[in-house]
Participant: 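The structure's right below; bear with me while I get my questions together.
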Amino acid sequence: MAPAPPTKQHTVVDSPYGPLTLVATDGVLSALYMTDQRHRPPEETFGVPDPEPFGEVVRQLTEYFAGDRTAFDLPLHLHGTPFQRSVWAELLRIPYGETRTYGELAEELGKPGASRAVGLANGKNPVGIIVPCHRVIGASGSLTGYGGGLDRKQRLLAFEGGVPGLIAPRADLMKRLYQ
């Protein structure tokens with residue numbers, strides 16, 4: 001007998017960066033998508049609407065957006081190739097308020113010539129913000145691409161203080177939104 005297909009659920013929460021769609025696979029966060037995000041799958045693949053599996057995710061996102069959390073402590077169900085998962089694991093090691101280049105990530109993975117492959121894997125990250133693909137920049141310091149849009153990437157980096165000179169969203173407004 002074949003194993004049962006995974007159970008999927010989703011919910012939509014507000015954020016300072018627009019609505020975020022959270023998807024769980026078998027009760028574990030497997031995706032966080034922004035509106036108009038590149039590589040966002042069709043909504044019918046997100047499963048049934050159900051906010052129940054997302055209580056802790058929403059709590060930690062609220063703390064993050066209020067400026068009270070700099071790292072997430074959540075179980076993740078990341079579906080991708082072994083190389084993609086290794087890139088995503090490396091993204092989780094980039095501290096809040098810091099950035100890395102695609103080349104630096106490739107070096108850290110022991111694949112110094114793979115910066116383009118790292119960029120492609122970074123772009124396929126299914127759990128934006130929590131798996132901080134926005135913290136990866138070009139070798140020249142340019143923002144380069146971001147599945148959620150360069151404006152959101154700029155605002156996220158400014159909020160975290162990862163790129164000098166960017167204008168951060170007002171922290172007092174964010175605290176009011178999430179209290």
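One is the number of the first residue; the rest follow in order along the sequence. A quick note: this is a predicted structure, and the numbers were derived from the prediction, not measured.
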Participant: Inspect the contact between E160 and R135 and indicate whether a charged nitrogen and a carboxylate oxygen are less than 4.0 angstrom apart.
Facilitator: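 Here R135 pairs with E160 in a salt bridge, since their nearest N and O are under 4.0 Å apart.
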
Participant: Indicate, with yes or no, if F46 and V58 share a hydrophobic cluster defined by side-chain heavy-atom contacts under 4.5 Å among Ile, Leu, Val, Met, Phe, Trp and Tyr.
Facilitator: no

Participant: Is Y33 close to H39 at the side-chain level, that is, under 4.5 Å between some pair of heavy atoms?
Facilitator: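 Counting from C-beta outward, H39 and Y33 never come under 4.5 Å.
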
Participant: Go through V13 and L22 one step at a time and tell me if the side-chain contact (heavy atoms from CB on, under 4.5 Å) criterion holds.
Facilitator: CA-CA 8 Å; V13 298; L22 308 175; 4.2 Å; yes

Participant: Has Q60 got a side-chain atom pairing as donor or acceptor with D73's backbone, closer than 3.5 angstrom?
Facilitator: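 Present.
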
Participant: Which pair of non-hydrogen atoms, one from T45 and one from K8, has the smallest distance, and what is that distance?
Facilitator: O-CD, 3.3 Å

Participant: Indicate the atoms forming the closest heavy-atom contact of S86 with F83, along with that distance.
Facilitator: OG-O, 2.7 Å

Participant: Under the side chain to side chain contact (heavy atoms under 4.5 Å, CB included) rule, collect the residues that match up with S142, sequence neighbours excluded.
Facilitator: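 So S142 forms a side chain to side chain contact (heavy atoms under 4.5 Å, CB included) with S140, T144.
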
Participant: Do the non-hydrogen side-chain atoms of L76 and V127 ever get within less than 4.5 Å of each other?
Facilitator: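 In contact.
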
Participant: Side-chain contact test, heavy atoms from C-beta onward, threshold under 4.5 Å: evaluate it for I94 versus T99 and give yes or no.
Facilitator: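 No; the side chains remain at least 4.5 Å from each other.
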
Participant: Would you call R59 and R69 a side-chain contact if the rule is heavy atoms closer than 4.5 Å?
Facilitator: yes

Participant: Taking all heavy atoms of E107 and all of P112, pick out the closest pair and write down the distance.
Facilitator: OE2-CB, 3.2 Å

Participant: Establish whether M34 and V23 are linked, either directly or via other cluster members, by ILVMFWY side-chain heavy-atom contacts under 4.5 Å.
Facilitator: no

Participant: Between atom CG of L29 and atom NE2 of H10, what is the distance when rounded to the nearest 0.5 Å?
Facilitator: 13.5 Å

Participant: Once rounded to the nearest 0.5 Å, what's the spacing between atom NE2 of H134 and atom CG of L156?
Facilitator: 5.0 Å

Participant: Indicate the ring-plane relationship of F159 and Y96, choosing parallel, tilted or perpendicular according to the 30° and 60° boundaries.
Facilitator: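 If you compare the ring of F159 with that of Y96, the planes turn out perpendicular.
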
Participant: With the side chain counted from C-beta on, respond yes when F54 and V12 share a heavy-atom pair under 4.5 Å apart, and no when they do not.
Facilitator: no

Participant: Got L157 and I137 here, is their nearest side-chain heavy-atom distance under 4.5 Å?
Facilitator: yes

Participant: Using a strict threshold of under 4.0 Å (side-chain N to carboxylate O), is an ion pair present between E90 and R100?
Facilitator: no

Participant: Considering all heavy atoms of both residues, which atom of N125 and which atom of V131 are nearest to each other, and what is their separation?
Facilitator: ND2-O, 2.7 Å

Participant: Is the side chain of D26 donor-acceptor paired with the backbone N or O of T7 at a distance under 3.5 Å, no angle test?
Facilitator: yes

Participant: Atom CG of L20 and atom CD1 of I129: how far apart are they, to the nearest 0.5 Å?
Facilitator: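 Taking CG in L20 and CD1 in I129, the distance rounds to 5.0 Å.
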
Participant: Could you pull out all residues at least two apart from H77 that satisfy side chain to side chain contact (heavy atoms under 4.5 Å, CB included)?
Facilitator: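 For H77 the side chain to side chain contact (heavy atoms under 4.5 Å, CB included) partners, ignoring immediate neighbours, are T25, V28, S30.
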
Participant: Indicate yes or no: at least one non-hydrogen side-chain atom of R155 is less than 4.5 angstrom from one of Y17.
Facilitator: yes

Participant: L92 and Y102: same hydrophobic cluster, using ILVMFWY side-chain contacts below 4.5 Å?
Facilitator: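 Hydrophobic grouping puts L92 with Y102.
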
Participant: Provide the closest heavy-atom pair for P132 versus I130 in the form atom of the first, atom of the second, distance.
Facilitator: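 Nearest heavy atoms, P132 then I130: CD-O, 3.3 Å.
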
Participant: L32 vs T21, test: side-chain contact (heavy atoms from CB on, under 4.5 Å). Steps then yes/no.
Facilitator: CA-CA 6 Å; L32 182 157; T21 300; over 6 Å; no

Participant: Could you tell me which residues satisfy ring pair (Phe, Tyr, Trp, His ring centres under 6.0 Å) with F72, sequence neighbours excluded, listed by chain and number?
Facilitator: Y64

Participant: Say you draw a straight line from CD of Q154 to CG of L150; how long is it, rounded to the nearest 0.5 Å?
Facilitator: 8.5 Å

Participant: Determine whether a donor-acceptor pair (N or O, by modelled atom type, separation under 3.5 Å) exists between the side chain of E98 and the backbone of P95.
Facilitator: no

Participant: Testing the basics here: between G138 and T101, what is the closest heavy-atom pair and its distance to 0.1 Å?
Facilitator: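 In terms of heavy atoms, the two residues are closest at O-CG2, 3.6 Å.
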
Participant: Any sub-3.5 Å donor-acceptor pair from W88's side-chain atoms to A121's backbone N or O?
Facilitator: yes

Participant: Please confirm whether the backbone N or O of V136 pairs with a side-chain atom of K153, one donor and one acceptor, at under 3.5 Å?
Facilitator: yes

Participant: Looking at D36, I want to see if its CG is surrounded by more than 12 non-hydrogen atoms of other residues, nucleotides or ligands under 6.0 Å.
Facilitator: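 Incorrect, the count does not exceed 12.
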
Participant: So do E52 and Q9 actually touch side chain to side chain, heavy atoms under 4.5 Å?
Facilitator: no

